Amino acid sequence: MTAAVAAIAAELPLWASALIIAGALLLITAVMAMVGRSMIRKATPAAPRRTMASVRTDVAEIKERTRR
């Protein structure tokens, strides 16, 4: 970051070059946040399939035993 500010400061005042770099970093951060938010919205919650199948089997077994 310092090297980028120094490179731009060769043509512009130091405060202006620091402001440009800060704006670029803010823009990059905003884009990355939007991409991450989009990815999170597309994600589906993980379902414990084996556990769900095991619970269904257990419930069926309990129902069967209570009928006897």
Side-chain angles (χ1 to χ4, degrees):
M1 301 306 147
T2 305
V5 170
I8 296 174
E11 297 296 323
L12 297 173
L14 182 62
W15 65 269
S17 61
L19 188 62
I20 290 170
I21 295 299
L25 289 175
L26 183 64
L27 180 66
I28 291 168
T29 303
V31 169
M32 291 177 70
M34 288 177 8
V35 169
R37 186 176 182 193
S38 172
M39 291 174 72
I40 288 174
R41 285 186 175 176
K42 289 180 184 178
T44 57
R49 298 184 202 286
R50 289 190 307 192
T51 303
M52 290 169 56
S54 174
V55 168
R56 285 188 189 112
T57 304
D58 292 345
V59 168
E61 180 70 26
I62 291 169
K63 284 182 180 179
E64 182 65 33
R65 287 187 184 196
T66 56
R67 290 183 188 159
R68 293 182 193 174

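Owing to the predicted nature of the structure, the values given are computational and were not obtained by experimental measurement. These numbers come from the heavy atoms of this one structure, side chains and all, not from hydrogens, waters or symmetry mates.
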Intermediate values then yes/no, side chain to side chain contact (heavy atoms under 4.5 Å, CB included), Lys42 and Ser38: CA-CA 6 Å; Lys42 289 180 184 178; Ser38 172; 3.8 Å; yes

Any side-chain heavy-atom pair of Ile20 and Leu12 under 4.5 Å: yes

Connected via hydrophobic side-chain network under 4.5 Å: Trp15 and Met1: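 They do not share one cluster, since no chain of ILVMFWY contacts under 4.5 Å joins Trp15 to Met1.
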
Val5 reachable from Leu19 in the ILVMFWY side-chain graph, under 4.5 Å edges: no

Steps toward side chain to side chain contact (heavy atoms under 4.5 Å, CB included) verdict (Met34, Arg37): CA-CA 5 Å; Met34 288 177 8; Arg37 186 176 182 193; 5.6 Å; no

Which atom of Ile8 lies closest to which atom of Ser17, heavy atoms considered: CG2-CB, 3.3 Å

Thr57 side chain vs Ala53 backbone, donor-acceptor pair below 3.5 Å: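 Yes: the side chain of Thr57 pairs with the backbone of Ala53.
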
Residue of the set Lys63, Arg56, Glu61 for which side-chain contact (heavy atoms from CB on, under 4.5 Å) holds with Val59: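 Among Lys63, Arg56, Glu61, the one meeting side-chain contact (heavy atoms from CB on, under 4.5 Å) with Val59 is Lys63.
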
